[in-house]
Amino acid sequence: MKKVGIVGGGLLGRLTSWRLLLAGCDVTLFEAGSLSTCPGAARTAAAMISPLSEVVDSERLIYDMGMAGLKLWPAWNQELRQPITYSERGSLVVAHTQDASQLTQFAAKLHHHLGDAGDESYRWLDQKQIAETESDLSHFHRALYLRTEAYLDNHALLDQLLSDIHSLGGQTHEHTAAQAVSSHTIQTARQRFTFDEVVDCRGVGAKPDIKDVRGVRGEVLWVQTREVQLQRPVRFMHPRYKLYVVPKPDHQFIIGATEIESEDLSPISLRSNLELSSALYALNPAFAEARITATDVNLRPSLMDNLPRIERQEGLLRANGLYRHGYLLAPTVVESIVNEILESEAAAFTGQIMTKEHALC
């Protein structure tokens, strides 16, 4: 039985701990903050699994890994002791008539990246079809339906993963920052721990050891209303920003669009709040009486090329750089980590995202 220490209790850390425990490993998870509330980007995120939406402004690798993730998520969800809400109803991309060129350009980029092979993954909807798909968006004349996309309840997932880790016998240490992470070793303020393998999933917290890690600020707004019903994520194309709205339990919605090259974790700015609110109102004026229940800010862990990377040396793996694609890429990154530790057949994308010892020097 391999003894594995994992540093970082966000999405990657929890998923990796869970998968290794299911494989029979002895796992200890360390988190500098609270495990019960998960202060990282994993809880702030909207948790869309949207390979088509992301390939428009990303490299093809993101799409390919995301499509693989779309196959893993439903199966993994069923392996949880209590499956969480996971919706595979696709997503919509809309724009008002005066901004129709934004929507046309989005579709052109999709075709450019995916070619004719991607045509089955998305299709145009007219106003009648929009009304049949999302009745509260029937005022839009045209939309793109991205049928293969999904989303999940990330708050429930993070809680359930922690519960399953404990149920499977995993050990956890919260409020326990790692002062040093090296081959086979995790050093905390009080103790030095040794393992067969160490996995570093600290995100922005790994900056002392991964020099090109940076945090990219993201801001979100939570609102609650019974006046609008959405069955799937919606992206609203606008000349100044690209808004996304994702339905959540209890008549809530999470709204985001901002991406700021800053590591500032201060509260959401007035400008961002106004832009998100006005764009939401433009999507559907019925949002006017929605109650703002929360705002949130966090840092997306990113590398210079905005692509994920696993650095490998004997007794140590460092996984980082999921950027804004956390829930999209996490399954394939975790699969690569687990297979590397178990010395199984390499996962599909291991060769594209893993660097060996020289990268850590």
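All figures in this text were calculated on a predicted structure; none of them were measured in a lab.
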Exceeds 12 heavy-atom contacts within 6.0 angstrom, atom CD of Gln98: yes

Over 12 foreign heavy atoms within 6.0 Å of NE2, His139: yes

Backbone N/O of Val4 and side chain of Asp196: donor-acceptor pair under 3.5 Å: no

Donor-acceptor contact present, side-chain Arg324 to main-chain Arg300, <3.5 Å: no

Value rounded to 0.5 Å, distance of OG1 in Thr97 from NE2 in His141: 4.0 Å

Main-chain N/O of Glu314 paired with Ser183 side-chain donor or acceptor, under 3.5 Å: yes

His173 and Thr28 side chains, donor-acceptor separation under 3.5 Å: no

Crowding at CZ, Arg81 (>12 non-hydrogen neighbours, <6.0 Å): yes

Donor-acceptor pair, side chain of Arg14 and main chain of Leu12, under 3.5 angstrom: no

Distance-only side-chain donor-acceptor flag, Tyr323 / Glu259, under 3.5 Å: yes

CD/Glu59: more than 12 non-hydrogen atoms of other groups inside 6.0 Å: no

Side-chain H-bond candidate by donor/acceptor type, Thr293 with Gln224, under 3.5 Å: no

Pair Asn320, Lys207: side-chain N/O donor-acceptor within cut-off below 3.5 Å: no

Atom CD of Gln231 with >12 non-hydrogen neighbours under 6.0 angstrom: yes

